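One structure below.
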Amino acid sequence: MLRLANIHAGYGPIKALKGIDIEINRGEIVSLIGSNGAGKSTCLMTISGILKSVSGSIMLGDTDIAGLPPHRIVQRGISQVPEGRRIFPKLTILENLQMGAFLGRGDFTTSLERIYKLFPILHERKKQSGGTLSGGEQQMLAIGRALMSNPDILLLDEPSLGLAPIMVSKIFKTIQEISSEGITILLVEQNARAALKLSHRGYVLENGCITLSGSSSDLLDNKKVQQAYLGE
Amino acid sequence: MNGFFIKRMPKAVIISLWSALLFLPFKGLQAAGLLFLFLFLALLVITVASRLSGPLFRTAEVIRKNAAGLIPGDSRYLLLLILPALTLPLFFRNYILDVAVLAGIYIILALALNVVVGFTGLLNLGFVAYYAIGAYSFALLNTRLGLGFWSALPLSVIITTAAGLVFAAPALRLKGDYLALVTLGFGEIVRITLNNWDSFTKGPNGISGIDPPSFFGITLAALSSFYYLVLFFVVLAVIVIRRVHASKIGRAWIALREDEIAASAMGIRSIRYKLYAVSFGAFWAGLAGCLFAAKMRFISPESFTFMESVLILSMVILGGLGSIAGVIIGAVILVALPEALRDIQMYRMLALGAGVVLLMIFRPQGLFGGSSASRS
């Protein structure tokens, strides 16, 4: 469904991605793990078009979406939950969700009801400003906001970042639920164990290159992965 | 209550002492002592007032909620402002009306800058450029081509909006401080150009003999009729800006201000919506420029210095970034205050400075800004 081929990207002279290949099939949860600065977030930013790739192609079905501006990519059904949540703190929860539906993909009321069903707390607090939510609730809002554009592919950047363990498991359960609705998910995580347990397949990113890939259970059993990312 | 005072007292003493010490070398011991006393008492009053303001605000909120059923929607706030404003010429002499006209022009300017700085978060230190372009377009169209008020006004507003677009397109690639510096440069470039392009703008001599506006053949030279004209445009500006603020475009502006990356991840085209904001702001600033030129009937580059940009920005910050009602009140205060302080002219800049310091200490979000505005 989504295939990155030989993607190079970076920030000025700094090369963050040095030719990576990733393939995501419809309905899958694919996790991308790696340490700080490996290029995980850069990879998602490149897919969403917020960062322009230097070379390589990003095929969505039969079309190359590399180099398209972010709004065209949202229009094509790829939505991102950025790292650190990045909700709009002074807008209310409802307004935050409205921003997610900015391009008007799909029916607003239907999407809204779906989000409220997924996260009832957002419904309870819809008139509260986003900044007053707890970290976990903000993460729910960020995910809800991204889902408001009715994406086919959801890009999740470190959804467990800075959350209490109980919140982490709640968020991961929600990701599973979203996946069961038929949405394809690319999950970037530092919490490698939780991510691999949830996902079907995984990629390991090191210094801007994919060094390992395979089914999640294979990666969980892999000695190198265990030493570097699972702390065993 | 007692514990509250003990906690606040040292702060008040330190602020007053510090200001008095700064003052000492210039005016001697007596004046510094007086300043200390005055500031200390002022701080006491403010402290008590801020202590009491909580219940006061709550009462006001209850009244507002109960009154909500009487007049529909947003218009009730507007009516509250318009009704006294409409009757102003009946009660006051020309001097007050003159100040009111000036206040009206600055309200439009401050509302326009509020769209750019308050809603969209683009710091602009050269906003006077649009004001100047509006005023000069109007003056030149009127004196050179003989166009009347109602044909020169839309044309100059279009010219100003276009100028806003042309300038903003390259500048908007910059962010934060860098954008502020470029806008500051733009303001200066416009002023210096007006000052030196003798053959076209008559340079420092300025343009005189601008026709006063007329309405269906009746010349609106009388101050009271001009006052109503300005009032009409102020009300128009408030209504239109409120509507746009509440629209999808307005929300996109706020989203861009809050978090540009998140906003673009939502599919908001950042450059395009910033361009909308800048040109929308330029539109109203151009209109204010036209009113200014038609009111003064004489303009020169001296009216469009950097200090003017600072003044407009102060109005926006004093009232509270992003708050329409706050910005209106900020503009009125900053126009009225120098007039009220005319008798102690020597000290009025000092008082203004002290006022700004006090504001930053006690209400960093501005008089009417939301309580969360200073955080984040």
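None of these values were measured; they are calculated from a predicted model. Every heavy atom of this structure was used, including side-chain atoms; hydrogens, water molecules and symmetry mates were not.
Between the CD atom of A:Glu83 and the CD1 atom of B:Ile261 there is a distance of 10.0 Å, given to the nearest 0.5 Å. With values rounded to the nearest 0.5 angstrom, B:Ser264 atom OG is found 9.0 Å from A:Gln80 atom CD.
Neither the backbone nor the side chain of A:Met148 comes within less than 4.5 Å of any heavy atom in chain B.
Residues of residues 91-128 of chain A that come closer than 4.5 Å to chain B, counting heavy atoms only, are A:Leu91, A:Glu95, A:Gln98, A:Met99, A:Gly100, A:Phe102, A:Leu103, ordered by residue number. Proximity to chain B among residues 24-43 of chain A is not found for any residue, judged by heavy-atom separations below 4.5 angstrom. Chain B is approached within less than 4.5 Å, heavy atom to heavy atom, by A:Pro70, A:His71, A:Val74 from residues 63-76 of chain A, ordered by number. Contact annotation for residues 248-257 of chain B against chain A (heavy-atom separation below 4.5 Å, listed by residue number): B:Lys248, B:Arg251, B:Ala252, B:Ile254, B:Ala255, B:Arg257.
Considering only heavy atoms from C-beta on, A:Ser149 stays 4.5 Å or farther from B:Met266 through its side chain.
A:Arg145 and B:Ala262 make their closest contact through NH2-CB, 3.8 Å (heavy atoms, listed as atom of the first residue, atom of the second, distance).
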